[in-house]
*Asks:* 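Got a structure for you, written out below as structure tokens; questions coming shortly.
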Amino acid sequence: MGPQSLLYLCLVVVVATQRVADTAYPTIIESALSIYLEGMAQSEQEPRDDPVTLPEYDFIIVGAGTAGCVLASRLTEIAGWEVLLLEAGGEENFVMDIPIVANFLQFSEANWKYKTVPSDKACLGLVNKQCNFPRGKVMGGSSVLNYMIYTRGNRRDYDRWEKLGNTGWGWDTVLKYFMKSEDITMPELAQDDKYHRTGGYLTISYAPYRTPLAEAWMEAGKEMGQKVVDYNGPTQVGFSYLQSTTKNGTRWSSSRAFLHPVKNRKNLHVKKRARVTKILIDPTMKAAYGVQFRKNGRLYTVRAKREVILSAGAINSPQLLMISGVGPKKHLDDLKIPVIQNLKVGYNLMDHIAKGGLTFVINDTVSLRTDSILARTENYVDYLAFHQGPMSIPGGCEALAFFDFKDPDNPDGYPDMELLFESGSIVSEMTLRRNFGITDELYDAVYKPIENEHTWMVFPMLMRPKSKGRIMLRSADPADKPLIYHNYLSHPEDVETIIKGINKTIELSRTNAFQKFASRLHDIPIPGCKQHVFGSDQYWECATRHLTFTIYHQSGTCKMGPRSDKSAVVDPRLRVHGVKNLRVIDASIMPEIPTAHTNGPTFMIAEKGADMIKEDWGIKTTI
Ligand SMILES: Cc1cc2nc3c(=O)[nH]c(=O)nc-3n(C[C@H](O)[C@H](O)[C@H](O)COP(=O)(O)OP(=O)(O)OC[C@H]3O[C@@H](n4cnc5c(N)ncnc54)[C@H](O)[C@@H]3O)c2cc1C
Ligand SMILES: *[C@@H]1O[C@H](CO)[C@@H](O)[C@H](O)[C@H]1NC(C)=O
Ligand SMILES: *[C@@H]1O[C@H](CO)[C@@H](O)[C@H](O)[C@H]1NC(C)=O
Ligand SMILES: *[C@@H]1O[C@H](CO)[C@@H](O)[C@H](O)[C@H]1NC(C)=O
């Protein structure tokens with residue numbers, strides 16, 4: 001069942017079972033109609049699926065995700081450039097843009113539904129010991145599946161990128177590109193014009209609704225002597241409500257932000273449900289000259305006069321490169337793929353992971369429970385008619401805090417931990433256990449007993465993981481999903497940092513702010529960890545290895561670095577080493593994962609990438 005039909009079903013149930021008491025308020029029918037019309041209007045804003053296929057374009061962009069939409073938008077600013085944007089998925093629709101629906105989208109066709117190769121180190125409590133890696137397959141890519149959290153990272157992240165040999169990627173430069181996109185709606189943040197601006201394509205807002213638990217989170221931080229910060233400002237350590245890529249209570253995906261406003265450009269050609277199967281590279285010239293893609297069962301070949309740009313994301317970009325002959329020689333030899341360029345494609349897979357299911361039970365009815373939200377007509381009316389109320393909260397995430405455990409007293413620390421606060425939990429957000437793939441055995445033993453309770457949860461998220469994984473091809477067939485070796489928690493320091501985050505969360509639960517709700521740590525042990533004393537470091541390590549939750553920040557698999565860096569796939573201008581007319585521009589180029597949720601940094605990479613393309617073709621740019 002798609003999200004659209006899901007919403008309609010919910011509406012029917014609500015209409016059938018309830019009456020709206022207050023007659024001054026719009027009725028549920030009126031509000032459903034108003035959002036239906038709004039949704040129709042929105043879908044007309046998305047660039048249409050171009051029925052014509054030209055033999056040749058100036059640029060071919062593979063993937064209309066976070067980066068691809070930015071690139072298509074910026075490159076078509078040059079009137080003489082014909083740009084083809086190829087997207088494997090279909091249309092985005094307004095139901096996908098209701099923030100609370102985020103968790104449901106993973107069950108739809110808009111998700112590539114990847115799973116990792118089972119390991120004995122992590123995700124042990126998940127079905128078949130596999131972690132789920134959802135990825136957006138839709139106009140807007142993963143910016144349509146994501147939780148809309150907008151963070152940029154720490155200035156040191158980018159200064160480190162530059163130190164690794166990536167000239168032009170230091171903080172002072174990338175900040176300008178973060179700001180180039182930005183349209184901030186919070187007046188108090190907009191005042192700080194060294195870090196923020198209004199008027200860009202990418203709108204950043206607070207959710208229009210907050211639970212009392214989110215307020216308690218902010219209070220708890222103050223009680224512990226922590227600052228309230230604008231984590232996208234000069235320093236990061238401290239507490240904050242989430243800044244999110246939302247506009248007027250709706251998801252502001254990269255497609256809505258960057259493509260809808262330019263849909264009428266004659267030189268923008270979008271093809272949906274068009275899956276690229278190969279990048280065409282001349283093996284003697286070592287130059288890319290086009291792509292092959294499949295649409296409606298037909299195979300097409302199109303040529304690129306200037307460049308092919310891969311923006312297929314951190315899993316599909318390395319897969320496509322390897323299938324096309326760019327990758328580790330031995331691996332390609334094993335699969336009998338003719339090697340055009342030997343590069344370390346697929347290595348350096350990074351992600352942010354957290355101990356999942358760290359849950360606190362409270363004695364009041366103030367948490368977000370999807371079941372009760374969906375059962376109350378007012379919530380539909382609030383959202384459908386006004387874009388307000390609990391449905392405007394991005395998948396239940398409301399606030400966060402950054403800590404530097406290595407230098408805890410430094411207000412300008414370099415965070416190694418983010419605590420992401422949810423005003424609900426696995427028991428109250430009905431799809432979460434399936435999103436992550438928790439086994440029934442674990443769920444029934446640990447969480448079923450508190451199914452009817454009100455709860456909150458924190459994801460203690462490891463910001464700078466030492467463990468790195470790898471993506472490999474299963475076969476040379478582009479339709480085969482690649483093999484994903486996450487290699488999570490293979491470095492002991494990663495485990496220790498997460499345990500410190502768990503300890504910090506427990507401390508926070510003991511503040512007056514959370515004791516007002518009699519918060520108590522849910523302490524039924526995980527069946528596979530009963531050999532350890534509950535709450536000991538050994539227990540938490542075991543629990544982390546069982547409930548290892550990805551925060552979906554897969555990155556790094558086509559690493560950027562200078563020629564001297566043997567592990568680099570693209571150079572600092574994002575050109576594939578040794579192959580002409582081919583760039584990778586998306587989350588896969590990150591040499592090190594920033595202290596950030598990766599959507600914001602990916603927007604920045606694409607903005608900067610677009611300018612580098614323009615410059616390399618002789619067009620003057622200013623930021
Ligand atoms: C469930 C989830 C929650 C997340 N939450 C957050 C969050 O709250 N905040 C945050 O900052 N980040 C979050 N992220 C991460 C963030 O969304 C990604 O890092 C970012 O969107 C990556 O952008 P990208 O351009 O690299 O790839 P994507 O946005 O994934 O785009 C790749 C596009 O390429 C298309 N494609 C792939 N292969 C082909 C092919 N062969 N042919 C044609 N098209 C193809 C895909 O369908 C997709 O549209 C989340 C991600 C997920 C999945
Ligand atoms: C926000 O959306 C609501 C519901 O569609 C609409 O009535 C309102 O005018 C919008 N507000 C802004 C500022 O666009
Ligand atoms: C976590 O807290 C416990 C109890 O206070 C303590 O014994 C342990 O050393 C802490 N673990 C880490 C990794 O800091
Ligand atoms: C919850 O517990 C707190 C602290 O014990 C108490 O003050 C409060 O009255 C309780 N609230 C409810 C709704 O029982």
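For ligands, and for the atoms within them, numbers begin at 1 and follow the listed sequence. The first residue in the sequence is number 1, and the count goes up from there. Just so you know, these numbers use all the heavy atoms, side chains as well, and skip hydrogens, waters and symmetry mates.
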*Asks:* Using a strict cut-off of 4.0 Å, indicate which atoms of ligand 3 neighbour a heavy atom of Ile499.
*Replies:*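 Numbered from 1, ligand 3 contributes 11 (N), 13 (C).
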*Asks:* Is the CD atom of Gln45 crowded by more than 12 outside heavy atoms at less than 6.0 Å?
*Replies:*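 Yes.
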*Asks:* For ligand 2, which part of Ala385 has a heavy atom less than 4.0 Å away: the side chain, the backbone, both, or neither?
*Replies:*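 The answer is the backbone of Ala385.
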*Asks:* Should you measure from each heavy atom of Lys516, which atoms of ligand 4 turn up under 4.0 Å away?
*Replies:*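 Heavy-atom distances to Lys516 below 4.0 Å select 1 (C), 2 (O), 3 (C).
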*Asks:* For atom 5 (O) of ligand 2, find the nearest protein heavy atom and state the residue, atom name and distance (0.1 Å precision).
*Replies:*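 Looking only at protein heavy atoms, the one closest to atom 5 (O) of ligand 2 is Glu38 OE1, 3.1 Å.
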*Asks:* Number the atoms of ligand 3 from 1 as they appear, then name those within less than 4.0 Å of a heavy atom of Lys500, with their elements.
*Replies:*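 In order of number, 13 (C), 14 (O).
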*Asks:* Ion pair present between Arg156 and Asp412, side-chain N to carboxylate O less than 4.0 angstrom?
*Replies:*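 Salt bridge present between Arg156 and Asp412.
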*Asks:* Please write down residue, atom name and distance for the protein heavy atom closest to atom 1 (C) of ligand 4.
*Replies:*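 I find the closest protein heavy atom is Asn363 ND2, 1.5 Å.
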*Asks:* Which residue and atom name correspond to the protein heavy atom nearest atom 10 (C) of ligand 3, and how close is it?
*Replies:*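 Answer for atom 10 (C) of ligand 3: Asn503 ND2, 2.5 Å.
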*Asks:* Parallel, tilted or perpendicular for Trp217 and Trp456, by the 30°/60° rule?
*Replies:*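 Perpendicular, since the angle between the ring planes exceeds 60°.
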*Asks:* Among Lys466, Lys500, Arg464, find the residue that satisfies the salt bridge (Lys or Arg N to Asp or Glu O under 4.0 Å) test when tested with Glu493.
*Replies:*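 Filter result, single survivor: Lys466.
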*Asks:* So, Arg510 and Glu507, do they make that salt bridge, N to O below 4.0 Å?
*Replies:*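 Answer for the salt bridge query: no.
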*Asks:* Who's the nearest protein heavy-atom neighbour of atom 9 (O) of ligand 3, and how far?
*Replies:*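 Going by distance alone, atom 9 (O) of ligand 3 is nearest to Asp537 OD2, 3.7 Å.
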*Asks:* Which of parallel (below 30°), tilted (30 to 60°) and perpendicular (above 60°) describes Phe239 and Phe403?
*Replies:*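 Phe239 vs Phe403 ring planes: perpendicular.
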*Asks:* In terms of side-chain geometry, is the basic nitrogen of Arg74 or Glu607 positioned less than 4.0 Å from the acidic oxygen of its partner?
*Replies:*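 Looking at Glu607 together with Arg74, the answer is yes, because their closest N to O distance falls below 4.0 Å.
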*Asks:* Tell me which one of Leu37, Thr185, Asn248 gets a heavy atom nearest to atom 14 (O) of ligand 2.
*Replies:*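 Nearest option to atom 14 (O) of ligand 2, by heavy atoms: Asn248.
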*Asks:* Does atom 7 (O) of ligand 4 have any protein heavy atom closer than 4.0 Å?
*Replies:*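 Within 4.0 Å: no protein heavy atom nearby.
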*Asks:* Please could you name the atoms of ligand 4 that Gln515 approaches to less than 4.0 Å, counting only its heavy atoms?
*Replies:*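 Those atoms are 3 (C), 4 (C).
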*Asks:* Strictly less than 4.0 Å: does any protein heavy-atom distance to atom 12 (C) of ligand 3 fall in that range?
*Replies:*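 It does; a protein heavy atom is within 4.0 Å.
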*Asks:* Salt bridge check, Glu92 against Arg256: does any charged N sit closer than 4.0 Å to a carboxylate O?
*Replies:*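 Salt bridge: no.
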